[in-house]
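Here is the naming used below: chain letters follow the sequence lines, and residue numbers restart at 1 for every chain. All values below were derived from every heavy atom in this structure, side-chain atoms included, with hydrogens, water molecules and symmetry-related copies excluded. The shown structure was predicted, so the numbers you read here are calculated from the model rather than taken from an experiment.
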There are 2 protein chains.
Amino acid sequence: MPKVETFDKVLVLKKATDVFHEKGYNATSMQDLVDATALNRSSIYNSFGSKLDLFLECLKSYQDLYIIKISETMDKADHALHAIELLFEFYLNEILSDNEDKGCLITNCISEMANQETSIINFLSSNQRFFMELLEELVKKGQKESTINRHRTSKEYALYLFSSIQGFRTTGILISNKKDLQTIVKTIIQTLI
Amino acid sequence: MPKVETFDKVLVLKKATDVFHEKGYNATSMQDLVDATALNRSSIYNSFGSKLDLFLECLKSYQDLYIIKISETMDKADHALHAIELLFEFYLNEILSDNEDKGCLITNCISEMANQETSIINFLSSNQRFFMELLEELVKKGQKESTINRHRTSKEYALYLFSSIQGFRTTGILISNKKDLQTIVKTIIQTLI
DNA sequence: ATATATTTGGAACGTTCATTTCAAATAAAT
DNA sequence: ATTTATTTGAAATGAACGTTCCAAATATAT
């Protein structure tokens, strides 16, 4: 029957994601993607549809990777507050190891495209929902354990933390000083204690 | 002597800024700018140099406008903490009146271009310095007045507030619910009290 | 070995990109 | 009224854009 796809889709998505992450969606050209993936133009269009479709797949694979990393990170936590601390510590390390100041692909995407493409808006909404649920559950757990105060509801603290993460990821593009970043994290989390 | 520039530079910059704000730098074409400003291509190049130069002028005029608005807003404050509350209230109103979910031109610019153009990096650095100094002075004043606690130094709180503002502006693209936004602001500020 | 469905390479599609060019129009200074 | 420096309009620049096309190559199933 047919000739089967020969390239490693995971690897190709990784390469494409790197380009989008470095340059942003609009500044990335199809030629950039051809060069980065070492795939032929037709193969890209055959396998992914369009530039926007490919970008959406990149966003999803980026998200999947992060959800795994975040889960692994938080599995090490002794309690809910500790899990939140580890989450921010994880982001801190992401910022410190991001030597090209690329920031977060998804946060950057909010800035660049949230008011333009509906497919992107849908992705960002589901991403937001995922994180809001994760954070709310964590806060709820922390409040049950009494490691997190009850000055606000778990939903309210989840909103605060979601916003804080966006800010941290954006600020991390400008600030690379570890002490400064640690200060920001400590101050964000202090509110919960 | 020469024929003098006939167009209203302030108005032209405002029109150009609107386009950049709505679409972002890379998605904005020179044709978009010609259409929006009703200026001829040559006039734009004659008066502003290049697309990037024009964008930088837009960033600066946007910044100038905001600094004025923010000053006026905070002049109404009774004390330093109140000034910070008014600052966030100002941003909240900006978000609520931003029906196209454009976000903040400068915050968006961090995401889109901070790792690309050195002229942009310089602008963003000076913008950051300005806000950091403003916030640090406010916190210092608040701590002297005892409306802000001394759990952290003014510099540390300034970093926290700077990051919080970035987060609030980005989250405001996704969230338009007034109550949710108010919750975020209250929680951010609670830390200082 | 042959048939078949798919991938691949490479050129080509028409459009749009940022920028330049240059003659014509213009308004101040003489 | 003439000179002069500048702005303006409109077309043209070549390069790059995302996408399409199609013949050739290829790997599976028969």
Trainee: Compare the minimum distances between each of dT7(C), dT19(D), dC17(D) and the side chain of Q31(A), then state the nucleotide with the smallest one.
Mentor: dC17(D)
Trainee: Between S42(A) and dG9(C), is there a side-chain N or O to OP1/OP2 distance below 4.0 Å?
Mentor: no
Trainee: Closest approach to the side chain of N46(B), judged atom by atom: which nucleotide of dT7(D), dT19(D), dT8(C) is it?
Mentor: dT7(D)
Trainee: Check D18(A) with K14(A), please: is the shortest side-chain N to carboxylate O separation under 4.0 Å?
Mentor: yes
Trainee: Hydrogens and angles aside, do T183(A) and R152(B) bring a side-chain donor and acceptor to less than 3.5 Å of each other?
Mentor: no
Trainee: Rounding to a whole Å, what distance do you find between L33(A):CG and dT19(D):C1'?
Mentor: 13 Å
Trainee: Rounded off to whole Å, could you give me the CG-to-C1' distance for the N40(A) and dT20(D) pair?
Mentor: 12 Å
Trainee: Regarding S43(B) and N46(B), do their side chains bring together a donor and an acceptor under 3.5 Å, going by distance alone?
Mentor: no
Trainee: Rounding to a whole Å, what distance do you find between M30(B):CE and dT13(D):P?
Mentor: 20 Å
Trainee: Round to a whole Å and report the spacing from NZ of K23(A) to P of dC17(D).
Mentor: 8 Å
Trainee: Please tell me which of A27(A) and G49(A) maps to the more 5' nucleotide of DNA chain D, matching each residue to the nucleotide holding its nearest heavy atom.
Mentor: A27(A)
Trainee: Closest approach to the side chain of Y45(A), judged atom by atom: which nucleotide of dT20(D), dT19(C), dG9(D) is it?
Mentor: dT20(D)
Trainee: Strictly below 4.0 Å, N to O, side chains only: are K140(A) and E137(A) in salt-bridge contact?
Mentor: yes
Trainee: Expressed as a whole number of angstroms, how long is the span from D35(A):CG to dG9(C):P?
Mentor: 14 Å
Trainee: Looking at the base of dT20(D), is there any donor atom on it, or on the side chain of R41(A), that sits under 3.5 Å from an acceptor on the other one?
Mentor: no
Trainee: Does the side chain of S29(A) get closer than 4.0 angstrom to OP1 or OP2 of dA16(D) through an N or O atom?
Mentor: no
Trainee: Side chains of D53(A) and S50(A): donor-acceptor distance under 3.5 Å anywhere?
Mentor: yes
Trainee: Rounding to an integer number of Å, can you tell me how far L39(B) CG sits from dT19(C) C1'?
Mentor: 16 Å
Trainee: Whole angstroms only, please: what is the CG-C1' distance between L54(A) and dT19(D)?
Mentor: 14 Å
Trainee: Whole Å only: how far is the CZ atom of F48(B) from the P atom of dT6(D)?
Mentor: 17 Å
